[in-house]
Amino acid sequence: MASQASSTPTGTRAGWPRLYDGQRRVLLALLLHGEDSRSSLAEYVGLSRTSLTRIARELVRMGLVVEGESLEPSGRGRPAEMLHLNGNAAHFLGIKLTGDALFAVVTDLSGAVVDRRSEQLTGRGVHEVVQQVGRVAAGLLAMTTLPVAVGVGIAGDIQYRSGQSILRDSGHLGWDEVPLAELVTEATGLPTTVKNDVHALTAAHHWFGGGIARDPLVVYAIGAGIGSGVVVKGALVEGRHGRSGRVGHLRLGGEGRPCLNGHVDCVHAFVTIPSIEYNSGVERGEYAIALDRARTGEMRSLRAFRAAAYSLGAAVAESVNTVDPELLSLMGEGLAMLDLAPEEFDRGLAEFLERVTPAEVAIERPPFDFSLYARGAAVAAERKLLS
Ligand SMILES: [Zn+2]
């Protein structure tokens with residue numbers, strides 16, 4: 001195993017094995033499809049039995065794969081030796097940054113969360129936040145000597161220039177032109193990937209959230225903002241400028257309500273949590289109050305949630321028209337409009353769909369909690385190594 005020891009604030013840690021393509025393909029197949037016998041795995045990844053046997057031996061030696069129970073064959077012949085992923089072979093630290101807080105999880109190789117932490121940001125400047133990320137990393141990783149990679153998820157555009165990733169236009173923290181991955185690597189001593197938070201959430205839902213067999217896959221995230229991610233032929237589509245999936249500024253008309261970009265009556269002006277608060281007549285941060293009022297039938301709040309549901313339906317319809325997904329997943333902490341006014345969501349969808357009926361569109365609402373963003377960031381780091 002060719003490994004590099006990286007010096008970290010917490011001591012010496014095993015480095016990442018350098019994997020070649022065949023090794024990555026076998027590892028990925030076990031990761032995404034579970035334990036398997038050598039013969040069916042060879043067929044699945046398109047390798048000869050001989051190659052597969054060699055690669056399996058190498059992965060076992062690296063500790064990434066373990067040989068398990070033999071499965072008795074149903075007919076005659078030798079029992080099939082099963083291969084399993086060794087989830088405990090590596091850790092990933094995923095960090096989601098919002099405008100005022102940091103959410104961190106540690107995941108293992110199988111995407112399971114093994115530790116977590118959240119803190120308010122102690123400052124909003126790039127240097128202060130990066131130092132805080134370094135402290136959180138040192139704390140959470142103090143006990144592990146496994147190889148670790150870091151993923152950071154943040155609102156904004158990730159652009160790639162000369163092999164370097166640059167964070168652009170990150171509204172919540174007011175950052176622009178920040179080489180965040182490089183800075184976090186300096187602060188932690190660990191390889192770091194930075195992704196748009198919704199793109200990271202999408203990639204994690206594709207691998208570990210039930211989206212693996214559904215292609216194209218579209219994931220919507222609704223909360224402080226609205227955004228979406230797209231997976232086509234197994235790959236996350238980030239786009240030329242890191243801006244794919246920027247739904248939410250479709251103009252709907254009717255109310256004369258401006259969004260932050262100055263558009264009148266765009267989806268954004270109705271669908272996000274701050275918009276619902278404003279349209280309900282409550283203070284910023286009082287989403288729960290607006291929700292309570294709508295649930296008890298208070299008309300102004302109820303109207304705000306109905307408009308949000310209709311707007312979301314319209315936005316979703318445009319994604320369906322563009323990508324024609326096999327599955328569209330609605331995620332995020334701001335989806336109460338679907339409980340309060342499902343018929344308005346369906347109405348928006350029906351009005352904006354082109355030659356497809358709402359019944360023909362597969363839409364799911366998987367279980368969501370906010371830590372999935374941090375997990376998405378961890379999975380983004382893992383995807384970088386394995387795909
Ligand atoms: Zn707008």
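Every number for a ligand or one of its atoms is a count from 1 in the order of the listing. On a predicted model such as this, the values are computed, not experimentally measured, just so you know.
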Query raised in the report: Are the ring centres of Tyr373 and Phe103 closer than 6.0 Å?
Result: no
Query - By side chain to side chain contact (heavy atoms under 4.5 Å, CB included) - contacts of Tyr160 (at least two apart) - result: Ile158, Ser165, Lys195, Glu238
Query - Under-2.8 Å protein N/O/S neighbours of the Zn ion (ligand 1), ordered by chain then residue number - result: His249 ND1, Cys259 SG, His263 ND1, Cys266 SG
Query raised in the report: Heavy-atom count around Arg303 CZ within 6.0 Å, excluding the residue itself: above 12?
Result: no
Report task. Start with the C-alpha gap between Val130 and Leu180, add the side-chain angles, then the distance that decides, and say whether side-chain contact (heavy atoms from CB on, under 4.5 Å) holds. Result -> CA-CA 8 Å; Val130 167; Leu180 188 59; 3.8 Å; yes
Query raised in the report: salt bridge (charged side-chain N to carboxylate O under 4.0 Å, His left out) between Asp339 and Arg295: does it pass, once the steps are laid out?
Result: CA-CA 10 Å; Asp339 304 316; Arg295 282 178 179 145; 5.4 Å; no
Requested in this report: Before giving the answer on side-chain contact (heavy atoms from CB on, under 4.5 Å), spell out for Leu121 and Leu173 the whole-Å C-alpha distance, their side-chain angles and the decisive distance to 0.1 Å.
Outcome: CA-CA 11 Å; Leu121 292 181; Leu173 284 164; 3.8 Å; yes
